[in-house]
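Beneath this line is the structure, given in structure tokens, with notes to follow.
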Amino acid sequence: MEVCCNLEVDVNGEQIFLVDKKTVASYCGKLSTLFGRSKGSLRNLKVIFQGFPGGAEGFELMLKFCYNNGNLEMSPSNVPLLYSVAEFMEMNSEISGTQNLQEQIEKFLEDISDWTWSELLNALKRCQDLCNTPLVVVDKCLDCLVGRLNLAVEASSCPSTSSPDSWALRVSCDTKSSESLKTGFSNGLWWFDELLVLTPDFVKMIVQFMLKRSFDEVVVSKFLIYYQKSKFSTATRDEKRKIVEVVIETLFVLEQNSISCKSLFSILRVGLGLNIDKCIRNKLEKMIGARLDRGSLDNLLLPSPSGMNYLYDVNLVLRFVKAFLHEKTSRTCPMALRRVARLMDLYMAEVAPDPCLKPSKFLSLAKALPEYARSSHDDMYRAMDMYIEVHTEMTEEEKVKICCALNYEKLSVETFLNLSKNTRFPSMSSLQALVSEQVTLKSLLQTAKNSKSITRSCHELDECGGKSTDRAETGDRVVLYAEKLDFPYDDEKLKAHIEGIQWRVMELERVCTKLEAQMGKVMKSRVTSSHSELKSLPWLCS
């Protein structure tokens, strides 16, 4: 075939080629269209390509195909580049019939199942090195690769096929390194190291293919965590950010039980220093929040963002709790809610000594969970006591707001007695404790009235072993404590309990009288608020 070099081609500014315009245009739709539109002289033409796939290497492969009458030896190593060139130069059936390069490549890919493991990986590496990724080649390579991984994972879980001589493993790992062979056959996860050659975007694509094939999501999550940790050793800051963002987005579509809360916190600690995308960070926070009941105190002790003077990132923990409460499991699983409540009590105790933590933030922590989440408020009381002790500059109003989060009916005997003597807590808190106990007494008294009426003297009560009410007087505080009573089925014991209740009512009347007398000695600011509280409870002194 006579060749006339009448066309000058500049490929990406790398190299200039002199080619036969007619020969090349007969296979390349892009050049054919270009020359067909040209109205000037077709001599001494020059074409400049920018973004040509593979640069000079890709253009040389195209010339070999054109000068060899539409024939070229293909291999797994050059197919990705050839397909990109074919798409870029429009080398399809519209220009050269059955001799077009694109269809020849697609026919070659039909035998991709015969490729070795290393050929598949090398083809994928070539694909990710190209600016114009040939998606057809990528999809076929990934689908075949994941199919073999599936065979390997299934084989590793079956003792009868987990030996190195098994067919499934021989097909899927024919060219693995000797080191991988030493450590991989026992668990079927040898491919973790093999796939480290892939970029984050290709990892995201391969996971999508795994999920389509119903791959074990626990294995998928382990691979992603392994990938992130392994790639970090040599990655730049920008590369690390990209890796973390892809790992988070990919984990987000997996089932909750496929990844541990500890692993998510590990990713979070890394991501906090990389300024990852806010939307992706929100996804990570939602994942952690959904699993918050499986977390630990150490997980939550995350340092505050730069520029903040408090020790721990309280706002982040509050977002975790919010995400947890939005999950359906938090409403249908009381045990999970109790575990989170316990975790929050531990966290409050840990952050309470922070002198820079504002009362509003501490109160937000105390009120983050619904009241029914806790069966006991003892731990919350201890955290509050610690916070008030450290923050001596707090106003009385701020103390009262914090104490409002306490449910006094959920305090144990010892804790209630401690509260009654605690001078750090505001007097209003003590009054609320008194009122709460009176409500309990009133309820018990109503129960007693519905039972058999029993009368007796105070002396007889003492003989029956009735316990007098513990009373603690501290300055202007007078707190009455009534034990929690469970009525036994025995009539004699029931009688004793009812008699005890009646005696407590008599004692209550005496305490109320004394309380009113003491109120006159209290500071004017407290007189007004305390009388207002008492006025709203007419039954208190009836």
Side-chain angles (χ1 to χ4, degrees), residues 240-241 244 248 259-327 330 336-370 373-374 376-395 398-399 401-406 424:
K240 288 179 180 179
R241 183 189 301 112
V244 170
I248 293 173
I259 182 170
S260 68
C261 193
K262 180 180 178 181
S263 297
L264 291 176
F265 272 107
S266 176
I267 296 175
L268 176 65
R269 288 182 180 274
V270 172
L272 288 175
L274 295 174
N275 194 29
I276 60 177
D277 182 78
K278 184 176 180 181
C279 181
I280 295 176
R281 177 172 168 169
N282 289 340
K283 289 182 178 181
L284 179 57
E285 291 177 5
K286 288 180 181 178
M287 285 191 287
I288 292 176
R291 302 163 177 79
L292 191 58
D293 60 303
R294 308 172 210 168
S296 66
L297 176 60
D298 288 340
N299 296 149
L300 295 183
L301 297 179
L302 298 162
S304 62
S306 58
M308 299 296 182
N309 55 0
Y310 46 89
L311 294 177
Y312 300 110
D313 197 342
V314 175
N315 290 328
L316 180 57
V317 173
L318 289 172
R319 291 199 295 272
F320 290 156
V321 176
K322 183 178 180 180
F324 173 79
L325 294 176
H326 274 77
E327 285 294 316
S330 66
L337 193 59
R338 293 288 172 86
R339 286 193 292 268
V340 173
R342 172 60 180 162
L343 185 61
M344 288 300 293
D345 288 341
L346 293 173
Y347 184 75
M348 289 171 62
E350 192 69 28
V351 301
D354 182 1
C356 297
L357 184 61
K358 296 180 180 179
S360 59
K361 290 299 178 185
F362 188 82
L363 181 59
S364 296
L365 289 173
K367 291 187 174 182
L369 292 172
R374 294 175 174 86
S376 170
H377 278 217
D378 286 7
D379 291 332
M380 184 189 289
Y381 164 74
R382 282 187 279 271
M384 287 181 177
D385 188 27
M386 189 183 307
Y387 183 83
I388 294 175
E389 181 179 7
V390 172
H391 297 78
T392 55
E393 75 286 354
M394 287 178 61
T395 65
E398 288 174 330
K399 291 180 181 180
K401 285 183 178 180
I402 287 179
C403 293
C404 284
L406 272 181
R424 287 186 294 271

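Source: prediction; values computed, not measured.
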Would the F320 and F265 ring centres measure less than 6.0 Å apart?
-> yes
From D293 atom CG to F324 atom CZ, the distance as rounded to the nearest 0.5 Å = 5.0 Å
Got a sec, which residues hit salt bridge (Lys or Arg N to Asp or Glu O under 4.0 Å) with D379, two or more places apart in sequence or on another chain?
-> R342, R382
Taking the side chain as every heavy atom from C-beta outward, state whether M386 and P353 have any pair of such atoms under 4.5 Å apart.
-> yes
Tell me, yes or no, whether the heavy-atom count around K286 atom NZ, taken from other residues, nucleotides or ligands under 6.0 Å, exceeds 12.
-> no
What distance do N275 atom CG and R281 atom CZ have between them, rounded to the nearest 0.5 Å?
-> 9.0 Å
Counting distance only, does the side-chain N/O of H326 pair as donor-acceptor with the main-chain N or O of A290 below 3.5 Å?
-> no
Counting N and O atoms only, with roles assigned by atom type, does the side chain of R241 sit under 3.5 Å from a partner on the main chain of L274, one being a donor and the other an acceptor?
-> yes
I276 vs I248 side-chain heavy atoms within contact, under 4.5 Å = yes
What do the steps show when you test T392 against R424 for side chain to side chain contact (heavy atoms under 4.5 Å, CB included), and what is the final call?
-> CA-CA 9 Å; T392 55; R424 287 186 294 271; over 6 Å; no
Which heavy-atom pair separates L337 from P370 by the least distance, and what is that distance?
-> CD2-CG, 4.5 Å
What is the distance from atom CG of L292 to atom CD1 of I288, rounded to the nearest 0.5 Å?
-> 9.0 Å
Residues in side chain to side chain donor-acceptor pair (under 3.5 Å) contact with Y387, at least two apart in sequence or another chain | none
What heavy-atom pair brings A368 and L325 nearest, and what distance separates the two atoms?
-> O-CD1, 3.5 Å
Considering residues at least two apart in sequence or located in another chain, which fulfil the salt bridge (Lys or Arg N to Asp or Glu O under 4.0 Å) criterion with R319?
-> E285
Compare all side-chain heavy atoms of P359 with those of I402 and state whether any distance is below 4.5 angstrom.
-> yes
Roughly how far, to the nearest 0.5 Å, is the CG atom of L318 from the CG atom of D313?
-> 9.0 Å
Hey, are the side chains of Y381 and L406 touching, using non-hydrogen atoms and a 4.5 Å cut-off?
-> yes
What's the shortest heavy-atom distance between L357 and F362, and which atoms?
-> CD2-CD1, 4.1 Å
Locate the shortest heavy-atom distance separating M380 from A405; write the atom from each residue and the value.
-> SD-O, 3.8 Å
With rounding to the nearest 0.5 Å, note down the distance linking CG in L316 to OG in S304.
-> 11.0 Å
When you measure from the side chain of R338 to the backbone N and O of A373, does any donor-acceptor pair fall under 3.5 Å?
-> yes
Compare every heavy atom of L300 with every heavy atom of V317, then report the nearest pair and how far apart it is.
-> CG2-O, 3.9 Å
Going by distance alone, is a donor N or O of one side chain under 3.5 Å from an acceptor N or O of the other, for S266 and S263?
-> no
Decide yes or no on side chain to side chain contact (heavy atoms under 4.5 Å, CB included) for L363 and E398, but give the supporting numbers first.
-> CA-CA 9 Å; L363 181 59; E398 288 174 330; over 6 Å; no
Return the minimal non-hydrogen interatomic distance between L365 and M344, and the atom names on each side.
-> CD2-CE, 3.7 Å
How many angstroms lie between atom CG of L284 and atom SG of C279, to the nearest 0.5 angstrom?
-> 12.0 Å
CA sep, side-chain torsions, deciding dist, call: R374, D345, side chain to side chain contact (heavy atoms under 4.5 Å, CB included) | CA-CA 10 Å; R374 294 175 174 86; D345 288 341; 2.9 Å; yes
Please step through side chain to side chain contact (heavy atoms under 4.5 Å, CB included) for the pair Y310 and N315, ending with a clear verdict.
-> CA-CA 11 Å; Y310 46 89; N315 290 328; 3.4 Å; yes
